[in-house]
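Single-structure report; data block below.
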Amino acid sequence: MAYWLIKSEPDTWSWDQHVKKGADSWTGVRNHQAKAHLQAMKKGDKAFFYHSNEGKEIVGVSEVVKEAYVDPTDKTNAFYAVDFKAIEPLKTPVKLTTLKSEKAFADMVLVKNSRLSVQPVTADEWKAIRKMGGLK
DNA sequence: GCCAACGTTGGC
DNA sequence: GCCAACGTTGGC
């Protein structure tokens, strides 16, 4: 099982909308690095849901329910989408500033390359962030 | 609102 | 194929 982090601006698509919808398709990724990560995702993989701009914090956990398929919103068919469903919210959202202040996360993609919208998360990072967020 | 970082585009 | 110019993202 692999772990990921997906980013969204709450103005565009928030965690609350994600929860309400149940399962939805993650479309609109137009970056080849991000695309590669989407293609690597397997059904059942877990992903943190991160709010960029507003909040700048990890707010919940989602799960891959459908593996990469051609993004219907992309006319060139060069990019992919993945379907996620909301699993559980973090009891305490984990702020980007918190991650930045902890040495353990100095190498985390979110800290190092904040612009990448779909990122891998290591098992260690995953465990530590869940704990900080108040989940088992 | 500014600007740094990064990706993409297009002239040469 | 190089690289300057431009656009976008996202933290501050």
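Protein chains get the first letters and strands the later ones, always in sequence-line order, with residue 1 at the start of each. All heavy atoms count here, side chains included; hydrogens, waters and symmetry mates do not.
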Below the 4.0 Å mark, does B:dC6 have OP1 or OP2 next to a side-chain nitrogen or oxygen of A:Q33?
no

Would you say A:K7 reaches C:dG10's phosphate, i.e. side-chain N/O to OP1/OP2 under 4.0 Å?
yes

Under 3.5 Å, is there a donor on one side chain and an acceptor on the other for A:S117 and A:R30?
no

Between C:dT9 (P) and A:W13 (CH2): distance, integer Å
18 Å

Residue mapping more 5' on DNA chain B - nearest nucleotide basis, A:H32 or A:N53
A:N53

Just distance, no hydrogens or angles: give the donor-acceptor pairs under 3.5 Å from side chains in residues 39-46 of chain A, sequence neighbours left out.
| from | atom 1 | to | atom 2 | distance (Å) |
| --- | --- | --- | --- | --- |
| A:D45 | OD1 | A:A2 | N | 3.1 |
| A:D45 | OD2 | A:W4 | NE1 | 3.1 |
| A:D45 | OD2 | A:K42 | N | 3.0 |

Over how many whole Å does the gap from A:K35 atom NZ to B:dT8 atom P extend?
11 Å

Reckon A:K100 has a side-chain N or O less than 4.0 Å from the OP1 or OP2 of C:dC12?
yes

Separation of atom CD in A:E54 from atom C1' in C:dG11, rounded to whole Å:
12 Å

Distance-only polar pair, side chains of A:T122 and A:D124, donor-acceptor under 3.5 Å:
no

Side chains of A:Y80 and A:D74 only: does a donor on one sit below 3.5 Å from an acceptor on the other?
no

With heavy atoms under 4.0 Å as the rule, sort A:L96 into base, sugar-phosphate or nothing.
sugar-phosphate

Rounded distance in Å - CG (A:N31) to C1' (B:dC6)
9 Å

Under-4.0 Å side-chain N/O to phosphate OP1/OP2 contact, A:Y50 with C:dT9
no

In whole angstroms, how far is the P atom of C:dG11 from the NE2 atom of A:H51?
12 Å

Should the pair A:H51 and A:F49 be assigned to parallel (<30°), tilted (30 to 60°) or perpendicular (>60°) ring geometry?
perpendicular

Would you kindly give the NZ-to-C1' distance between A:K112 and C:dG10, to the nearest whole Å?
19 Å

Rounded to whole angstroms, how far apart are CG on A:N113 and P on B:dC6?
6 Å

Could you work out which one of B:dC6, C:dG10, C:dC12 sits closest to the side chain of A:S52?
C:dG10

Within this structure, what is the NZ-to-C1' distance between A:K56 and C:dG10, rounded to whole angstrom?
8 Å

